[in-house]
Amino acid sequence: MKVVTGVVGNDIHVVANRLIDLSLRARGYEVFNLGVNTHLEEFFDAVVETGAEVLMISSLNGEAEGWGREVPLLKSRYSNLDDVIMMIGGNLVVGSGNTEDIVARYKKYGFDLVCHQMDLNTGLDMLQSLSEERGIA
Amino acid sequence: MKVVTGVVGNDIHVVANRLIDLSLRARGYEVFNLGVNTHLEEFFDAVVETGAEVLMISSLNGEAEGWGREVPLLKSRYSNLDDVIMMIGGNLVVGSGNTEDIVARYKKYGFDLVCHQMDLNTGLDMLQSLSEERGIA
Amino acid sequence: MSLLQEEREIILSNEYVDAFDFAEVAEFVSGASKNLFISHHFRERDKMLVQPRGGFPTYEQQYALYEFFVDANVDVLPLTVDSNTRLNDYATAKKMLRLSEENDMDMLNGYPLVTHGYRTTRKMITHFNKPVSLRHGTPDARLLIETAIASGIFEIEGGPITYLLPYSKNFPLDKAFLYWKYVERVCANYSQLNEPINRESFGPLTATLVPPAITIVIQLLEMLLSLEEGVKSFSVSFSQQGSMNQDIVTGAVIKKLANHYAQQIGCDDAMINLVYHQWMGAFPANEDFAEQLINLATVIASMVGADKIITKTRQEATGIPTKEANAKTVADTQYSLRILNGLPTVVDEEEEEILTLEVRAIMEAVFNDPADTLWRKVFNSIKNGIIDVPFSPHIINQNEMITIRDARKNIRIIERGNVPIPERCYEYERSQCDLSKDTTSIVNDIIHDIGIMQ
Amino acid sequence: MSLLQEEREIILSNEYVDAFDFAEVAEFVSGASKNLFISHHFRERDKMLVQPRGGFPTYEQQYALYEFFVDANVDVLPLTVDSNTRLNDYATAKKMLRLSEENDMDMLNGYPLVTHGYRTTRKMITHFNKPVSLRHGTPDARLLIETAIASGIFEIEGGPITYLLPYSKNFPLDKAFLYWKYVERVCANYSQLNEPINRESFGPLTATLVPPAITIVIQLLEMLLSLEEGVKSFSVSFSQQGSMNQDIVTGAVIKKLANHYAQQIGCDDAMINLVYHQWMGAFPANEDFAEQLINLATVIASMVGADKIITKTRQEATGIPTKEANAKTVADTQYSLRILNGLPTVVDEEEEEILTLEVRAIMEAVFNDPADTLWRKVFNSIKNGIIDVPFSPHIINQNEMITIRDARKNIRIIERGNVPIPERCYEYERSQCDLSKDTTSIVNDIIHDIGIMQ
Ligand code: B12
Ligand code: B12
């Protein structure tokens, strides 16, 4: 299964990104890692180009909220992205916030899995369950 | 002006007692320091013997509450103690408590000045005001 | 029946004690879990052991406190005894316990162990199955110690000097020595049944400007008095003094000399450990600051290389801490110990030499006392001021030694009184301080030095 | 008109900047209060200066933050810039500022200084009359620095390497050098009008397993690039590394070599200071533990003998800290510094020697590059991996050096890549680690070592 991953926006926190890369490979995924400082269009373009089943976005520095709001509009400009599993994790707000509220908000932006300050392995387990559910594992 | 002072009960915290001794003398009082581990009767006996105008009790280890309750009964057994300024200070409860409640309680036990966790000099200034008020300074 | 056993029977036939079953207690100790013995943990440990302080009036409160401590990953549980029991005033303790139970308000500043008795207390101790340390401050601790060991408490703090000079106004000193001789022998005897009972001396003393030479001498003497009676596991201790370097020097000298003197009396088979107390003097009222102080103490304990640390709480300035605050310190201290890596080795040869000379000179003066036994030599040395503890409330203490802090906050002896500080050391100590000031400013400096952490 | 001035006019004629009045700004700097200059405080200070981090989107929030800091007895105020402004994305910064103002929700992780402009910001800075330090992470900081100095911010953090390799993915390196050359010259010029503007390098880099040799080399090179342009007050810095001893050694070596190399280029008239950052890596989520970590950092900073400490907060793992949490750290740190007395002097000659040899070897390799100017030599050295920063996100970084922690948690180089670590040092570093493990366990060790404080 193909995964496009990277860190969204003007965010350069790379450590998690390196670990995600390692972990995805260890779990047998084919990884296209766009690295840090990746803008939304680049993510969507890469998904289209690679035919990835999963888009896994990280955000650490608090920018995600700003970018998240752009997702619905931008996604609507691409066709054939409806089946892609959209996943986001890291620190999803500036400052601290209530996880339930945050999850609800990001689901509205179009994400299937929202992993605010969640341990990486828990997040990857969730991905596995969801892909099995959707019969794409 | 004569002051009887000491630390009440099974309390052996001596540091404040030494400083109180020094400070009272520096302010010109004649001091009868009974030291630590002094029981209520010893205080009252000393006031009677010396003819002191002030009884200044310290309690640091939290025992005061237990002894305070005995004051009204014991004091009633002595005559001529009504004009003595009764003062208590230090840590007046076990654990932490609300200062207002503590002051009210100790006033009921018969203390004129209640200095819970109060700076020594503030307490001694209060003593001065009160004695001036009562015309015994 | 031995003399000791006769004495034991008299002490334990007391209106405050339910029938004491010697045989049952011996059986209990013989079969007790190794986990209850701190001496066992000292041998097996790979990290500094963390022990809080804490005692509450009722059984239920103490039990709840232990639950909190265990959640916070405690290594050694404390049982701190209230101040009435400490002064053998069991009647008041009993009354205040009843008041505490009835009024939902604490009328005791610790756990009245004798009042609760060993049958009740043992249930709690064996339930938690952790080593428990008895903290009291009692000159006559005979009844208390019997009750403690029978309860499963296998570490006993204190000693005839350290639990007398800071803790009592006029308890007779010779009595204290004899009562503690009893305690040592009871501990030594029980030690033969299972792992050794650990004895720990109380190095902090009055926690107020006590110079390291006095602390160390008293630690060594209590160690010798205990080993003499057959105790096989002993902890010397001291508390944070205000200067990191002075603490490190103190730790090095006390370790070196403890082994030296233990060997001198042929007791090298005993295990000697070092315990460090987080700051024991006047605390800052600001609770956030108190935490910084506590954390600094943990760092210093590591640099000192202590085997156990005894903690304080953010509420120290206010009153008996809540179980929450107390458990928080334990968790924080364990975390700090975990992240304290790459500690440098510090050696200050000059300071070590001065301190060693001081301690050896005082020890020699004590040994040279003409009395026939060590305890009588020590007794005489306190009476004549060869040993002098600043800020002791006890009437027998000379109170002639004057100490003050130098610019680096080391505690320095500026008046030695009758303590035989060697000339060279005395000059060195005084040379570190500004002695040109008048008496009033020196008194003000002392007041300031007491409140140095506030 | 000089070339520099022409360039300045171009940069400052920008749709995001209100008309920049050069003459007025020069006059403001000339007459500015000495208190605004950290260089002045460094000269006068008798204690370590305490500086928090902090930037909020709106003027009102930033003002309120400063009020809290002043109450907590701060020495140096921070102005941390948001990540859009850092990457010169002023359009997004402007949009997000509006969203933040309208929505009562922070959409920026710092203060968008260019968007607010110097006229507004100067009001705040001069009102508080404390030195302010600009924290950004911007490769092209020309516009930002002009705005900062015009606002009364007289300490500028960063440099062409330290604000590029950790902070950017693909910003061209040569451009960064030229843009920073501009910054240095602007700072040097303004320094002639009043007290010197202080430049500070950003030693923490990626805060993830960077070995001290790399940190120090980069500090020294940025210092030289800055002094070359006429800067007269410069701070080298590094952050807590995880081993107390390694930090002390790093501090000793960096101080010694900074003076050495400054002298070599005839700049001994410049003032060089040392700044220590509390732990910059992954923090524990438990906020109580975070405080222990912060406090430990303060202790180490004192042992290192830093001139300034930059603080973290208990909320570091969670998100941008509240002003309350941020001010609390300042008050706590000031208290800790006050009670940290009697610090021992620690010297580890062997480690100092190894580290010094490593740094000098890398410096020599840089100097030996055939290019004509220092900045080009450095540029080439980064390109060919003579300088290699672990976990840099930048595409030009070699990423061939591999580091890991030894048993005492020192960061050790186990693969040197193209970095000219001398043979003897390399053997020493590797000999401290267990290299018999397979690759998977070494990767796991690295993950563990990143999270060492969690
Ligand atoms: C190291 C660090 C830096 C380094 C980064 C070096 C580098 N190039 O990587 C430096 C010092 C350069 C830096 C800079 C900045 N940083 Co920073 N940084 C950190 C810090 C201390 C550790 C991050 C880290 O490496 N953690 C280790 C990794 C392994 O853990 P992680 O990143 O949390 O990722 C884990 C999980 O989140 C999860 N995860 C991540 N992504 C995903 C995705 C999915 C799908 C799933 C399931 C899980 C998952 O898995 C990872 C492994 O467990 C954090 C605070 C903290 N966490 O302690 C702040 C932090 C992330 N930084 C922050 C900020 C704001 C900045 C700056 C803007 C400066 C500033 N204003 O303070 C700049 C950013 C510049 C930019 N353009 O982005 C904030 C973000 C605030 C917010 N969200 O509200 C934090 C939280 C600090 C704080 N409290 O203010 N930073
Ligand atoms: C040093 C110390 C000791 C030393 C005492 C040595 C000695 N002989 O003096 C040792 C280690 C031996 C000790 C023992 C114990 N201590 Co103690 N000790 C302290 C400590 C840390 C400092 C006290 C001190 O010297 N302060 C410096 C002096 C100058 O300040 P001060 O005593 O607060 O006095 C000032 C004011 O209160 C005021 N003041 C005092 N009296 C009066 C009177 C008047 C009229 C006025 C106006 C002002 C005033 O003026 C003084 C100068 O500013 C305090 C906690 C703290 N404050 O930080 C605990 C503390 C007082 N101890 C306490 C306790 C409980 C004990 C023990 C029972 C052990 C235990 N269970 O923990 C035993 C007591 C044994 C006994 N029989 O009493 C508790 C009391 C708890 C409570 N009230 O709820 C405290 C608060 C610690 C705590 N948080 O648990 N202790």
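As the structure is a prediction and not an experimental result, all values here were calculated from the model. The sequence lines fix the lettering, A, B, ..., with proteins before strands; numbering per chain opens at 1.
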* Structure fact -> Here the pair of heavy atoms bringing D:Phe289 nearest to C:Ala331 is CE2-O, 3.6 Å
* If you take all heavy atoms of C:Val346 and D:Pro344, which pair is closest and at what distance? -> CG1-CB, 3.5 Å
* Inter-residue atom distance C:Ser336.OG - D:Asn295.CG, 0.5 Å rounding -> 7.5 Å
* To do: Pick one of side chain, backbone, both or neither for C:Asn410, based on which atoms fall under 4.5 Å of a heavy atom in chain D.
  => neither
* To do: Name the option with the most non-hydrogen atom pairs under 4.5 Å to chain D; the candidates are C:Leu296, C:Val299, C:Asn286.
  => C:Leu296
* To do: Provide the closest heavy-atom pair for C:Gly342 versus D:Ser243 in the form atom of the first, atom of the second, distance.
  => CA-OG, 3.6 Å
* D:Ile248 portion near chain C, given a 4.5 angstrom heavy-atom threshold -> side chain
* **Residue selection (most heavy-atom pairs with chain C, distance under 4.5 Å) from D:Ile300, D:Asp348, D:Asn341** => D:Asn341
* Asked: In terms of heavy-atom pairs under 4.5 Å with chain C, which of D:Asp332, D:Asn245, D:Val249 leads?
  -> D:Asp332
* Which residue out of C:Arg405, C:Lys328, C:Met303 racks up the most heavy-atom pairs below 4.5 Å with chain D? -> C:Lys328
* Asked: What part of C:Ile339 lies closer than 4.5 angstrom to a heavy atom of chain D: side chain, backbone, both or neither?
  -> both
* For C:Arg408, enumerate each residue passing the salt bridge (Lys or Arg N to Asp or Glu O under 4.0 Å) test, keeping only those at least two apart in sequence or located in another chain. => none
* Against chain D, label C:Leu293 side chain, backbone, both or neither, depending on which of its atoms sit under 4.5 Å from a heavy atom there. => both
* Mind checking the NZ-CG spacing from D:Lys409 to C:Leu340? Nearest 0.5 Å is all I need. => 12.5 Å
* Name the region of C:Asp288, side chain, backbone, both or neither, that has any atom closer than 4.5 Å to a heavy atom of chain D. => both
* Asked: For chain C, which residues from residues 444-454 of chain D lie under 4.5 Å away (heavy-atom distances)?
  -> D:Ile452, D:Met453, D:Gln454
